[in-house]
Every structure is written in C-alpha cells, then in structure tokens.
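Only a predicted model underlies this, so the values are computations on that prediction, with no experimental measurement involved. Below, chains carry the letters A, B, ... as their sequence lines are ordered, and counting in each starts from 1.
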2 protein chains.
Amino acid sequence: MRLGGYTGKIARVNLTRDEVKVEDLRWEWVPHYIGGKGLGFKYLYEELKPKIDPLSPENKLIFMTGPFSGTVVPAAGKYVIVTKSPRTNTILDTYFGGFFGARLKFAGFDAIIVEGRAKKPVYISISDGEIKMKSAEHLWGKGAFYTISAIKEDEGDAKTSVLAIGPAGENMVKLSSITADVIWNAGRGGAGAVMGSKNLKAIAVKGEGKFPIANEEELRKVVRELTEKSLLTESNIWAKTDGTPIIVDMSHTAGVLPTRYFGSGVFEYHDKINTDVVKAHLVEVRACYACPLACKRLVKVGDKIMKAPEYETLGTAGSNCGVGDFEAVTEFNNICGDLGIDTISTANTIALIMELYEAGIVKKDMLDGIEAHFGSREALLKLAEKIGRNEGIGKILSNGTRAVIQKFGVEAEKYACDVKGMEIPAYEPRGTWGMALAYSTSDRGACHLRAWAVAYDAFGKLPPRSFKEKPALVKRLEDLNSVKWSMIVCDFWLINYDEMAALLTPIWGKPVKPEELELAGERIWNLGRLFNIREGFSRKDDKLPPKFFKQPLKGGPTDGAKVSEEEFEKALDEYYTLRGWDNNGIPKEETLKRLGLTK
Amino acid sequence: MRLGGYTGKIARVNLTRDEVKVEDLRWEWVPHYIGGKGLGFKYLYEELKPKIDPLSPENKLIFMTGPFSGTVVPAAGKYVIVTKSPRTNTILDTYFGGFFGARLKFAGFDAIIVEGRAKKPVYISISDGEIKMKSAEHLWGKGAFYTISAIKEDEGDAKTSVLAIGPAGENMVKLSSITADVIWNAGRGGAGAVMGSKNLKAIAVKGEGKFPIANEEELRKVVRELTEKSLLTESNIWAKTDGTPIIVDMSHTAGVLPTRYFGSGVFEYHDKINTDVVKAHLVEVRACYACPLACKRLVKVGDKIMKAPEYETLGTAGSNCGVGDFEAVTEFNNICGDLGIDTISTANTIALIMELYEAGIVKKDMLDGIEAHFGSREALLKLAEKIGRNEGIGKILSNGTRAVIQKFGVEAEKYACDVKGMEIPAYEPRGTWGMALAYSTSDRGACHLRAWAVAYDAFGKLPPRSFKEKPALVKRLEDLNSVKWSMIVCDFWLINYDEMAALLTPIWGKPVKPEELELAGERIWNLGRLFNIREGFSRKDDKLPPKFFKQPLKGGPTDGAKVSEEEFEKALDEYYTLRGWDNNGIPKEETLKRLGLTK
C-alpha cells in the first residue's frame, strides 16, 4: 500500500559496477518501520551478509529520510546514515541536521543506498531525479570544507546540499565523520571511513520536486497546534534557542561534567566554555529545514568565523581535556569538521593521552614532541590535526581509545572509557546511573542519544546514583527515540506517541494509533539487537568500563561517586526482563513473535 | 579623535564622473552623531543643497553602518540608507536587516556615499577595499531576485551581499524599495527610485578585513551580560523568535488592526493571517549578522519558497485589503520584494482603490478590467504586479495615495490616509492616539518606527484614546530611537541609554555617559527637523488625515472611535513645547544652542 510522505523511490548506486538503479520503496516495510532509523535498519538487516568487514565493498551506506522530511513538520530537518560501523562492528545510525534530507526528497528519492567500491575517487550528484557519478580525483586529499564549496560551485546552485568526507575518511581511520554543508556533522561510529572505503568523497543533492502528502490542510492544522502546545513551550528548554551549550552549567552543577579524563564531575573553568561565552562570540544563527528553533551558531574567533561547538564537544575537548578555553575548543571543533573526525571520540582519545602523559606513561618523544598536559590548548589542537591527517602519532590515535591502549600496553581495565569500542559522551556515568545503563545497552556503543536518562536523574527528580526505575526508563526512551529517529524528529522536540501519531495521520492518509508507534519503536530496537547478535554481540558486550565501578570521582557534588557493579548487573537483568530478552541479552522467541520479527 | 568601532574610511562614488574617492570619516562628527541615522543625517544635511529634486543627480544616497555593525553586539545587524525622499521631500532614513552592513565594514568602509548619475546602468562592486563600477545593462529590467543571484554568481563568493532595485526603482516610481540578499528590504520612502534615478542597479560587497575595537575583551563581557539580562529575557516578546507576525492577534484584540482601508480596527479573518499560520508554512529560519533572535522566516506556499510577510504587510495587504488569505499576502510580499516596491505603501494604495471601487467611484474599466472588491486575492496580486512594473493603471498607483486622489479627483479630505504623502502603517490611530501623534511628528512621514507608542497605550497600560502623557512619551521614544538607529540596534532589543553606553564604551575606548547619548538622540532628531524645515516643512505638515478625526471606526473594542482634533492640536502644542520648538514647530534658538546645532 502506498502511503503519503514518501517519494516511493530509492536510488541504488553500485560503485563497483558504476551503475545506478532506481527502485520502488519496499512499501510493505513502511507501516512497520516508518522511515529513517527503522527503514534503514530493515534494509541493512535484510541486505547485509553477517560478519562482513565494514570497510569492504560488501558494506552498504544507506542515506535515509523520514516521512516528515521536507514537510512543514517543524524540528524534523535531520536525516540518517545507516551502515555497519567500523568502530564497533554493530549496526550504526548517525544523523545530520540541515537541508540534505529535505532536498533528497525534493529530488525524488526517499533514500540512497550506496554499494561496492569505486575504482577511483568519485562523488554522486543528484539533481531532480537524475543521478550521476562524477570524478572526485581533484578533491581527494582535500578538507571537507573545501570539497563542499568546490562541489557547490560546480553544481552551480545555491540550493545544492553537499555532504563530504575529509582526509580522515579517505584514510579509513575509525574516528572519521561526515560533514554536510560545512556546519553539520554525522560524527559517531566512523561512517566517514565507510565512505572512504568506497572511494566516495561526497554526495551533492538538489531538487525542486514534490512528493504526495495525503491531507496537507489537516497537516498544517496539526502542525500549527502542536508547534504552540508542544514544541515552543515555556517548559521546553530547547525552545529558548540557545542550543546544547546550555548543558555545560547544568552538568557542572549536577557534578556530571566529565573533567580531566573522567577524573571529576566538576570543572573549575566551566564558565569559560558555557553558553554565555558562545553568545559573546556569536556572529550568525542558522536553522535546519523548517525548524523554528534555529539552534546552530556561528562564532568569530580572532578573524575566523566557525561553527560554535555543541555541548558534547565543550564537555569532551573542553572539560575532559581540562581546556577552559572556548576559542581553543572552537578551533578544535573546526579542525574536526574540516578533516572529518568525530569530536567526542577524538577529544576523549586525546584526554586519555593526556592522562597517560600526566601519569608519566606516555612521554613527549612518543608524541612527536608534543607536551600533552591536561589543559594544553596546543596539545589539543596539534593532536587533533595529526589524528585528522593520520600523521605521526595520529596514525595510532585516529583509531581511538582501544588503539591507544594496545599501542602503549596499558591496562584497559584502568584507563579505557568506552563501550563496545566507542568513546563515552559528556555525561559522567558515576553521577547519572541512568546514563550508565543507557551507554551499556546502546545499539551503537556508548551513546547519549538512545536514552537521555540524565534529564530524569541528575537533571531531574529521580535519584541519580541509583538504578531504581532506570531499566524501565531506559527501555521507554530507547523505544520512543527509535520512533522519533524513524520519523525523523529532532531531540529538541520532547514529542510523545500521541503527537507523532497526530502528525503522521494526515501525512500517511490513514489513521495512526499511538500504540502502533510504540510497538514499532520496540520492533526497531529489537531489529537493531538482532543485527548485533548476528554479529556476535550479547550480554558480554553490554558492559561499562571498569573505571566507573572502581575509581571514585573527585570534588563537587559527586565527590567519591562510583557505580555499584552489583547493582548495575541487577539493573541489566531487569532491563533484559522488561525487554523480553533472556539472561544473555537475546530476544526470546515470544518477544520476536509479538513484534513480528520472526521469519 | 579616532575612536574604536569604525574603519575610518568613506567610499565616495561619483557616478557622473565615474570616479571613486576614499576619504577619511569626519571624526569630529562621530561623538555627536555616532553613526547610522545620526551620521547619515549630518552628512546629508551638510552636503545637500536645499530644495533639490530628489530624483536629480544632485541627490545623494548614503549607505551608513554604525559602531556596532560587524561586532559581537547582538541584534545589531541592520544598516541604513539616508537620502532625500522622493515620496515626501523630507529627509529619509530607511533600514535593511542582514549582512551587508557588517560586510561593508569588513570590506574597509563605514559608509558609501553615491552621487551623480551614471550614463548607463551600473552596479558598484566592493571587495576588500577595492571599489569598481561594473555594467548592469544586462540586468536592467530584471527583478531584484534575479539581479541579486546573477551578481552573486559573478562575484563568485557565497559571502557577497547584494542589494538591488527591481523595475520599479528603475522607473523611478515613488513606491519603490530596495531589496538585499532576497529576503531583506528597505521599503519606506522611495530610496529605490533614487537608486534608479542614478542608473544604479545594485551594490555588491564582500570583505574579510578587521576594524579596531578599543577593548574587545571588555566588550565581550558586556555583551555576555546584557544578552542575558536585557535582550533574551522572559519579558521581551521579541525574544520568543516568532518575529512581527505575533502582532496580528495583539492588534485585532486591541481593535487597532486596520481593516478594509481604515474602516474597522478588527478583522474577522485575523486567524488566517496570524503567527500560527506562518508557523504552519515554515520551511526556514534566517538571522541577521550576529543576531540570536533569528526572526526571518521562509515559508512554502504551493511549490514556492518565499519570505514570510512581516506584520506590517499582514496588516495592510491582509486586513486593510480585507484579504484573509496568508498565501495571497505571501505572494503579494514576494512580488513586492522582486519588483522592488514598499509593501505598506503598495498595499494601502490598493486598499484605497478597493474602497473607491466599493463606493462605485472607480470602475472595472478604469482598472484594466480588474474587479477590485475588498478581499479579492486577484485584485491584490494583479494590482501589485502592475504597480511594480509601472504598467496600465499601475502607472498611477505606483506613485501612491496622493496620485490616486489626484487621478480620480476624489476628496483627499475623505479618502487619503497618509502623512506628508507617506501611507499609514498597520496601527489604526483612532485606537492608539499615541501612534496618531507619532505618525504626525515623524521625520519621514507616517512611520511606526520613530515612536512605537502603541506598546504603551493600546498594547500597554496608558489609556489608548487619550493624549495624556503621549507628547512626552513620543518625544522620549523619538530621541531614544534616534540613538538606537545611530548605533544601529534592532527594534527588537528594548535597550536603554545605560546599556547602549555600556556597549559603546569598550568599542570607542572612552567612557560614554548615558546622558550624552540622550542628548545625542535629541540632537539627531532636531537635525532631521532642521533639514525638513529647510525644505519648507512646518506645523502645517505635522497633520493627521482628516478621516481619523471625522469617520468613526466600526466594530470591535474600538467601535465608534475617532481622534479628537482639538485634543490632537493641543497634544501637538505640548509636544512642541517639550521639544523647545515654537508654535509653528520650528526649533528655538536656545534649543539649537543647547544641542550644539547653531552654526
């Protein structure tokens, strides 16, 4: 059955065969997986052979929009890339903001599926239904920023969106990211390396076409109502338009701001990197497609106009590296965007090096002469540059925490702060046990966006250093977000199932029940789990770094805090039970049956 | 004395002689006139011969920035054009939002002064200190949108700002405006016709340079503090980022929404043109340089992405033409932006035609076959197009209310709603006597931006249908705004003298006292008055249209309302007294002496 909200077309690009096929969307999957994360997971699960090398031509890159993309639904400007992660070997969904998603639909496609490997560097150019492969040999080795502007110029249209990798992705380093239209990034999970492995430098898209919406008049009515009642409300902190940097002070106050490689939850220079500092450097505000929140900020540092860092970058390259210097963190952020590396993972890998340096384990001569003290602006910037260019010591660091542990032969037990090989974001789990559970159960390794439980404990009313109610909370948020990321709605809209159903109904043109969506969320989460299980994952991987169990935090309201390992394991048991999974984290047959996931 | 915040250079372009001179800023004027409106007025007052024809080569166009332009001061992205108005023959300052002002300073200039008349159509290209005249013959006759994108492409830089006139300005019609970077407009007063009279199609500017700021660190500190305490506050309605369309419901509720050519203060279809409707069509949010408010909205209507109309357009092309149709008003707004005509004056001229049509005075055959009923979407759009292109009946209408009165020989007394030849904005003066006084005393003819008194009476606590306290209020706001528009701070920041002094101090690098600024405001206002007096203006011109004294409003909370003529005249007396002007509205010698305005 065809539904409104989709172009109904998928562009399948096989780079090995230099071949483009336009095929129909698998309509039978749509009611069950919606779009975005859900449909992306379904395509990848069905099409990928188990246990392939993520950097081989067998891996696929799925660029997927949702039913809200390109419509008047606000705060729905994002789009997703789904692939097998070269960092974690799990399934990966990683998101951009901006215009690419809307424009892909205007160009006539719900998704692009990229397969194989090109013989020489190419970029894909999509323009109003037409798909071409173009040479990117002249762009190979160039930064993402240059690449994006060069392609925009060649495509000759101010309304072209371009996503591109930098040298890091080309070198297939595991910290690599993808940059879109200069200011947006899909950071986590190494999707940039997958692009690089395919010799795919960039994708450009423009379009002016339409796609059907069942009842546009009714949709406008719902949008009008919900924008006022649910999105732009007094209680939604994101409606104040300051964006994520407001979290710096919240985290510091709650004692969950990672500081000096997860040594403390408070940072004495938090007010040098907080939202007020962003404001005092502001030169431009930008918004995603159809978004009234307009959270992106450009700032001027010295003579350079750059994107302002998001909270996760301020809390990792700032406090976690001990660098209380907004200008340095902004410069770091800019290097990451241009060279194409994930800010969270890069900053935390540098923070680890700083800890090893302070401990005397790593010396200056092992770091190409860099003195990597905590707080060193120079170390932060020079190491980021080396990581992004995969040069010198950067060749090790560019593959993250696990590579550093291996190289310097230090105990992972004592130093490594990652889950499933992915570095921890900027919420100190010893001060928010909700996040401890969220990190460990996340499908793509340590991630704050599957279940932002910190809002309910350290920033909310639940006791932060307890697992009480957390398993149910984490499950509920994971399911809800699976639906949100399938639609695709921004994190900044605290939307519920009723509201999503109300929006989807006039788009699809058939009544959508909130409980159907809730079930879809659970289905999508379980499908991701099935993918990971097929790759060999189970309870043994739903781990928290031992440091969080053993080493107490120092200073502030979380002074002395650790996570109780015993209680963590119990919480995991409870979480598995709530999910209908066995004690090893494998979904039971009855669960799969209930979700329609049995073959 | 040189002060921080300025490049110190003025680009003087003489089109007759095809000559560019770069000269020093008149530093001796800066402490007294600051920048923007103030300095622009001073240059024009000193350089222009009295009583010249505004459309002759003797008129000048001054594009002026302020000391905040291009700095981190928020909500200061505007810049001003000062010239002698071909609509009113008064002095004119008319403002744009966007990036042009900041970029002009980065290019090395505080101002551009354009003189003379080019032999053939040209545009001025300014790039990092270099100024060139380029042919615009290929662009003559083209719309502003096409012109802007063609020049941007030629100048080859995404960071080029372009302002341009459409066919209306070329034809020197009096309703003409100037459009910048597609979405910003300097609408009022006919500056587009002055550009057209000079054969100047456009100006392009780009730059990456610096200008000195005395104490950048201290400036950031003040910006940080004031952004939080004064700009982005709970009580500042503009900080909610919805922009001006929120006024539609406020005006309707207060009975001051002009409806069917100033026939009523309430509009039964107000909820078809209010801010909620804008939201339900939103596709993109834009901000001026360094502005966290991000008030500009792009909307999608049918397949077209267009700028959302501002309140003044919704209240004139919408309610005042009886058109309760957001899509039609947006389309109208788009036509005005592209052809280069002022939305307020154009819509009110059409509303007048609609009233004359309904009264049977003007017939279909006199309007090129258009049936101009109130509420006709078709009449609104077709007449706007004819005005913008100066075709058919548009040849009359394109010169506004006075031209219509003259053409159809109807009594101005009964029909004309203008002050000094400029059409009335979207606050019905019979419901806000504060605005009645503000319109009549405004330096550039009927204007809502000299003293937005409606905020204090119809939307505030003062009795709206009384002149009590209004003369002092109007004077206070006119002076304050004279300083704001000299800095140049956006209307959306309800900033006071103390705050402006706190910002200017670290920029200038010398202590600025609030009372100095207050005096500067009064000085600037009086200088505008002196210009107008030199042109022959006096009390006889500080008039309100007789309709507002004689014809009562119909319906809503302002049913039956008129302005008392006797009380209006008394209020004007009081205003003159407060200003230190004589009974004829001429500044007394002692006043000029106090303000340092005697020769």
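Residues forming a side-chain contact (heavy atoms from CB on, under 4.5 Å) with B:N236 (at least two apart in sequence, or on another chain): B:L231, B:T233, B:W238, B:A239, B:L494.
Only the side chain of B:E234 comes within contact range of chain A, with heavy atoms under 4.5 Å apart. Heavy atoms of A:V223 lying under 4.5 Å from chain B belong exclusively to its side chain. Using a 4.5 Å cut-off between heavy atoms, B:K300 touches chain A through backbone and side chain atoms alike.
A:Y289 and A:F99 have perpendicular rings, their planes meeting at more than 60° on a 0 to 90° scale where under 30° would count as parallel.
Looking only at side-chain heavy atoms (C-beta outward), A:V162 and A:F100 stay at 4.5 Å or farther from each other. Using a 4.5 Å heavy-atom cutoff, the side chains of A:V329 and A:F326 are not in contact.
In this structure, a donor-acceptor pair under 3.5 Å is present between the side chains of A:W493 and A:S230. Checked by atom type, the side-chain pair B:Y79/B:W184 shows no donor-acceptor distance below 3.5 Å.
Of all the listed residues (B:D271, B:V299, B:T275), the one sharing the greatest number of non-hydrogen pairs under 4.5 Å with chain A is B:D271. Note on A:L226, A:D276, A:L298: by heavy-atom pairs under 4.5 Å with chain B, the leading option is A:D276.
Contact between A:S69 and A:K105 at its shortest, heavy atoms only, is O-NZ, 2.9 Å.
The stretch residues 277-286 of chain A places A:V277, A:K279, A:A280, A:H281, A:L282, A:V283, A:E284, A:V285 near chain B, each with some heavy atom under 4.5 Å from a heavy atom of that chain.
Salt bridge annotation for A:D325-A:K272: absent, with no cationic side-chain nitrogen under 4.0 angstrom from a carboxylate oxygen.
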